[in-house]
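Structure record follows, encoded as structure tokens.
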Amino acid sequence: MNYENSLSFARRLDQKDPLKKYRKEFHIPVVNGKPSIYLCGNSLGLEPRRTRRFLLEELEDWAKLGVEGHLHGRRPWLYYHHFTKKPLAKLVGAKPSEVVAMNQLTVNLHLMLTTFYRPDKKRFKIITEAGAFSSDQYAVESQLRLHGIHPEDALVELSPRNGEHYLRTSDILQAISDEAGQLALVLFGGVQYYSGQFFDLKAITSAAHAAGAMAGFDLAHAVGNVPLALHRDEVDFAVWCSYKYLNSGPGSVAGAFVHERHADGNLPRMAGWWGHYERDRFKMKKGFIAMPGVDGWQLSNFPILTGAAHLASLEIFSEVGMPALRRKSVQLTGYLSFLLDEIDPGGKHYTVITPRDASARGCQLSILMNHQRGKRVFDALTRRGVIADWREPDVIRVAPVPLYNTFEDVHRFATLLAESL
Ligand SMILES: *Cc1c(COP(=O)(O)O)cnc(C)c1O
């Protein structure tokens with residue numbers, strides 16, 4: 001598409017946007033008495049207007065029915081996680097039996113690592129991207145230590161080449177095959193939280209399998225942002241949170257995927273009663289029998305209140321569908337990328353460290369500020385109504401989200417950035 005650096009052009013794109021009505025489905029935070037330019041959906045997605053109704057319905061059922069809500073609520077609490085399965089399966093490209101909403105992201109990562117990282121003398125190494133989200137680093141290192149392994153002896157962290165800002169897929173695949181003999185697990189982000197790079201899940205998974213290792217992904221920044229095909233790509237496991245692009249509210253219930261080839265219930269795991277065979281769950285008998293599929297990894301009864309918010313948001317994703325979202329997302333982020341080039345053509349002030357190729361990124365662009373003034377520029381933007389995200393030491397992350405951001409948002413952001421430089 002041929003873009004133009006003008007407000008009227010941005011507004012024309014908004015008028016033609018087939019998803020434009022969805023902005024009205026969200027509460028846009030107000031700054032200085034005006035709707036903010038909210039570019040932080042990669043950190044906390046906005047509140048859908050319908051979320052309140054979903055929550056009130058559960059509060060009402062609880063008030064009216066008490067414990068009977070488990071069976072007689074309008075969405076019976078006992079089976080609540082089932083209601084999330086279809087929309088989640090669609091979002092990540094899986095079968096309903098392969099996905100479940102449960103716990104929190106880091107908890108789910110630990111649950112999956114406990115099952116899928118079982119090192120022996122020969123195979124014990126883990127490959128990840130260097131600079132992974134802190135919680136993921138802590139989870140992996142602590143799992144290694146639980147097995148009596150020093151992280152330095154087993155953790156292979158891949159960095160971009162000198163002078164480059166993101167990993168080349170060919171380098172990732174090479175590293176995996178180089179470690180083939182000792183490799184137990186490849187664990188990557190889906191979209192890297194810092195650089196915004198969308199990794200090639202299919203290529204990484206098949207390289208891991210060729211090396212005799214498992215492949216798992218943390219999709220915190222990928223789910224609801226980029227198209228995923230976990231089943232077809234033969235990913236072994238994946239985990240995600242729901243409060244970023246999935247707009248399900250702060251600390252809301254997270255999710256997990258386990259490929260159906262691991263579904264038979266024989267894999268060792270941390271167990272709890274909600275993973276026990278559903279029909280017999282309330283017999284409270286000795287002897288855990290895992291539900292088939294990922295449901296067998298559930299521990300606790302479902303968190304209905306955050307789950308209600310999750311359902312409200314998933315309903316929107318089901319209405320819109322990832323293909324339409326992705327189409328707009330590529331245009332919207334493409335427009336941001338075009339404007340960033342326009343403002344600073346020589347790259348004097350900043351470098352965009354996210355891949356240029358739309359198929360290797362989601363909606364986020366990470367802007368590396370070249371001078372010491374980065375934080376001052378960011379603060380100036382904040383004062384003028386931009387809500388974005390600052391990552392020490394020098395990166396501004398901006399994520400125009402196709403469900404609620406507009407081309408006008410992107411143009412106004414770019415204009416304010418140019419003025420702040
Ligand atoms: C947001 C995020 C987290 C946060 O973990 P919680 O358990 O939800 O607090 C962890 N890892 C990644 C990659 C993230 O993007």
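In this text, all values refer to a predicted model and were calculated from it rather than measured experimentally. As the structure lists them, so they are numbered: ligands from 1, and atoms in each ligand from 1. Worth knowing before you read on, the calculation uses all heavy atoms, side chains too, and leaves out hydrogens, waters and symmetry mates.
Set against the non-hydrogen atoms of Asp218, the atoms of ligand 1 under 4.0 Å away are 11 (N), 12 (C), 13 (C). Close approach of ligand 1 to His221 is summarised as follows: ligand atoms under 4.0 Å from at least one heavy atom of the residue are 15 (O). Against a heavy-atom cut-off of under 4.0 Å, Thr106 is close to the following atoms of ligand 1: 5 (O), 6 (P), 7 (O).
Below 3.5 Å of separation, one finds an N or O of Lys244 facing an N or O of ligand 1.
Nearest protein heavy-atom neighbour of atom 11 (N) of ligand 1: Asp136 OD1, 2.6 Å. Of all protein heavy atoms, the one closest to atom 12 (C) of ligand 1 is Phe133 CG, 3.3 Å.
Side-chain contact of His209 with Glu234: a donor-acceptor pair under 3.5 Å is absent, judged by distance alone. Defined by atom type and a distance below 3.5 Å, a donor-acceptor pair is missing between the side-chain atoms of His371 and Arg373. Inspection of the Glu319 and Tyr22 side chains reveals an N or O donor paired with an N or O acceptor under 3.5 Å. Glu392 and Trp390 are linked by a side-chain donor-acceptor pair at a separation below 3.5 angstrom, with hydrogens and angles left out of the test.
Within a 6.0 Å radius of CZ in Arg49, more than 12 heavy atoms belonging to other residues, nucleotides or ligands are found.
The residue from Asn225, Val320, Leu325, Asp17 that alone fulfils the side-chain contact (heavy atoms from CB on, under 4.5 Å) condition with Pro402 is Leu325.
The closest non-hydrogen atom to atom 8 (O) of ligand 1, taken over Tyr243, Phe217, Tyr193, comes from Tyr243.
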